[in-house]
Structures are given as structure tokens and as C-alpha cells.
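Letters A, B, ... are given to chains in the order of the sequence lines, protein chains preceding strands, and every chain is numbered from 1. Worth knowing before you read on, the calculation uses all heavy atoms, side chains too, and leaves out hydrogens, waters and symmetry mates.
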Amino acid sequence: MITLNHYLVLSGLLFSIGLVGVLRRKNLLMLFFATEIMLNAVNIGFAAISNHYGDLSGQMFAFFIIAIAASEVAVGLGLLILMYKRKSSVDLDALTTMKG
Amino acid sequence: MFESIAFYVFSILTIVSFVVVVTTKNALYALSSLAAGMILISGFFFLLNADFLGVVQIVVYTGAVMALYAFGMMFFDTTTDLTEKHGNPKAVFALSGMIALLLVVMLLAPIASSHVSALYPMVEGVGNSEAVGMVLFTKYLIPFEVAAVMLLVAMIGGIILAGKKMDESLTLSEQGEGQ
């Protein structure tokens, strides 16, 4: 029998995977991917809570998270392309301009 | 029984594909396995009786977001392996420890809130899409409209940011300059 805890543990695991990605990747595109993973993990948690309490608010929040993720991708990719034009690289280290 | 099998199969596949995303050196592999993970996540939504959310997940994430990433990656040189320099492991360890602690606190928080009751209970006798529509267009109408305006702003912002000097080829000019 699958309970709420199973889904919450899965959500935490996926969130941790995304967090590891954010911490250890230096490529900005990979950072965006890791952010998407974290947003999806939170969505699973919201859907599980919504199912457990018989409440639709969790699903609503998941919808708004999806909308925000979509707009984040649009603006983020625009900025990424702009950065690639300036620095010809999407690496975070290319943005380091100060010493130290 | 069926739910358990589906849950474990989807969990293992999702975790594997997301681990591939955060560990691979090839951007194309990362993109493909991220798309696979997104589709697999929609399986959880179907298991959780959130049918409409599952369909939205497939349509928006694998249809729109992944296609956007694929178009964006055409601008970058993705055939070469990513070379990443890792420095200062102490800071990473400290940050990871702090975040792990925070995550434990967040996951333990539901213990303190056992008296939660449903604010907008699910209506009996209607499908998930109808129930979502009823709540979305009554209780969450203003956030819905604000989200629509935000998507419009994001679209205009994306076009303006990415659309400058679109007639020049990025990779060709980079090769011409020789870095």
C-alpha cells in the first residue's frame, strides 16, 4: 500500500537530486535543468498532499508552479543566449570579473 | 497492488533519469533524460487522481519547456563535452550539510500539523478536470489572471532578450574570431 509518506520521501529524494545538481554544476544550462527537477519534485509533493486531504488547493499550486517554470525558462533562455553572445560560453566561471 | 508496482517502477525510472541529468557531461543526454523524467513524473499525477495536472505536465513540460530548451541549445555548441572546474569543496560540504538539515526540518513539519482540514474539498461525482475548473475559476481567478499576464511578460522578455541581432550566427562568429 502506497501512503502519503512514500510520495513525500520520493519528492524529497528528487528535490535532493536537483539540489546536488545546483550545487555541483557550473554550466548554466545544467543549472536550469536542475532547477526544473526541483520544481517537479515540489509538484509531486503538492499533488500527494492534495490527494491525501481531498483538497484541490495543492493541485492549484502545482499549476501555478508549472506556469512560473514556463515563464522562467523563456526569460532564462533569453538571458543565456545574451550571455553566450557576450562571453561565447555558458559557464558560470566566465562571469567572474573580480579577483579573489 | 497495481498502485505499488506502478509507484516503484515510476520512482526508480524517474530517479535514474534525473541522476543522469545531474551527472552527465553531455548536454544532449541531459536534455533527453530530463524530458523522459518529466513524462514519468506525469505518471505519479495520474496515480494521485490528478488527471488534469498529469496532462498539463506532459503538454507544458515535454511539449513547451523541452522544445524551448532544444531550440535554445541550437545556439550553443553542445557537441563538445562540458568541462567544469570544481573548487572549494569545503564550502560545498558546509552548504550541503545546512541544506540537508533544512530539508529534515521541512519534512518533519507535517508532524506538527495533524489538524489540517480541506479548504476546498473535492466535489463528489465530477471528474478531476471539472473540479479543477470549478476551483480555478472561482477561488483562484485572480492568481490565474496574474499568471496569464506574467506569461505574456515572459514571452515579450524572451523575444526581446534573444531576438537582438538574430541574423548573425553565434558559432560562426565565434570561430571567425578564434575565441
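A continuous path of Ile, Leu, Val, Met, Phe, Trp and Tyr side chains, each step under 4.5 Å between heavy atoms, connects A:M38 with A:L28, placing both in one hydrophobic cluster. Following chains of ILVMFWY side-chain contacts shorter than 4.5 Å, one cannot reach B:F10 starting from B:F2, and the two form parts of different hydrophobic clusters. Residues B:V9 and B:I58 fall into different hydrophobic clusters, defined by Ile, Leu, Val, Met, Phe, Trp and Tyr side chains chained together at heavy-atom separations under 4.5 Å. B:L47 and B:V55 are not part of a single hydrophobic cluster, where members link through side-chain heavy atoms under 4.5 Å apart.
When side chains are defined from C-beta on, A:L29 counts as touching B:M73, because their heavy atoms get closer than 4.5 Å. When side chains are defined from C-beta on, B:Y61 counts as touching A:L39, because their heavy atoms get closer than 4.5 Å. Proximity of B:Q57 to A:N40: side-chain heavy atoms (C-beta onward) are separated by under 4.5 Å at one or more points. Between B:I15 and A:L10, the closest side-chain pair of non-hydrogen atoms falls below 4.5 Å. The closest side-chain heavy-atom distance from B:F52 to A:Q59 is not below 4.5 Å. Proximity of B:V132 to A:M60: side-chain heavy atoms (C-beta onward) are separated by under 4.5 Å at one or more points. Looking at B:F71 and A:L77, their side chains never come closer than 4.5 Å, going by heavy atoms from C-beta outward.
Neither the backbone nor the side chain of A:L92 comes within contact range of chain B; no heavy atoms are under 4.5 Å apart. Contacts between B:M1 and chain A at a heavy-atom distance below 4.5 Å are absent for every atom of the residue. For chain A, the nearby part of B:L34 is the side chain; its heavy atoms alone come within less than 4.5 Å. Using a 4.5 Å cut-off between heavy atoms, B:L31 contacts chain A through both its backbone and its side chain. Contact annotation for A:L14: only side-chain heavy atoms (C-beta onward) come within less than 4.5 Å of a heavy atom of chain B. Both the backbone and the side chain of A:Y7 come within contact range of chain B, with heavy atoms under 4.5 Å apart. Of the atoms belonging to A:H6, heavy atoms from both backbone and side chain fall under 4.5 Å from chain B. Proximity to chain A involves both the backbone and the side chain of B:F18, based on heavy atoms less than 4.5 angstrom apart.
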Can A:S50 and B:L48 be said to form a side chain to side chain contact (heavy atoms under 4.5 Å, CB included), step by step?
-> CA-CA 9 Å; A:S50 157; B:L48 287 165; over 6 Å; no

Take A:F46 and B:L53 through the test side chain to side chain contact (heavy atoms under 4.5 Å, CB included) and record every step on the way to the result.
-> CA-CA 11 Å; A:F46 271 128; B:L53 190 58; over 6 Å; no

Output, in order, the C-alpha distance, side-chain angles, deciding distance and verdict of side chain to side chain contact (heavy atoms under 4.5 Å, CB included) for B:Y8 and A:I2.
-> CA-CA 9 Å; B:Y8 285 116; A:I2 301 297; 4.0 Å; yes

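Contacts with chain B were tallied for A:I66, A:L82, A:I68; A:I66 has the most, counting heavy-atom pairs under 4.5 Å. Most heavy-atom pairs under 4.5 Å with chain B, from the set A:L13, A:V9, A:L19, A:V20: that is A:L19. Ranked by non-hydrogen atom pairs under 4.5 Å with chain A, the options B:A64, B:P143, B:A147 are led by B:P143.
From B:L161, atom CG reaches atom CG of A:L79 across 5.0 Å, with rounding to the nearest 0.5 Å. Here the straight-line distance linking atom CG of A:N51 with atom CZ of B:F45 works out to 11.5 Å at 0.5 Å rounding. Between the OG atom of B:S11 and the CD1 atom of A:I44 there is a distance of 8.0 Å, given to the nearest 0.5 Å.
Between B:Y140 and A:F64, the ring-plane angle classifies as tilted under the 30° and 60° cut-offs. Classification of the B:Y69-A:F32 ring pair by plane angle, with boundaries at 30° and 60°, yields tilted.
Residues A:A70 and B:V60 share a closest heavy-atom pair of CB-CG1, 4.4 Å. Contact record, B:A27 with A:M30: CA-CE, 3.4 Å, taken as the closest heavy-atom pair. Here the shortest heavy-atom pairing between A:R25 and B:K25 reads NH2-CA, 4.4 Å.
For the side-chain contact (heavy atoms from CB on, under 4.5 Å) criterion with A:I17, the lone passing option out of B:T14, B:T23, B:V22 is B:V22.
Residues of residues 150-157 of chain B lying under 4.5 angstrom from chain A, judged on non-hydrogen atoms, are B:M150, B:L151, B:A154 in numerical order.
Ring centroid separation for the pair A:F63 and B:F144 does not come in under the 6.0 Å cut-off.
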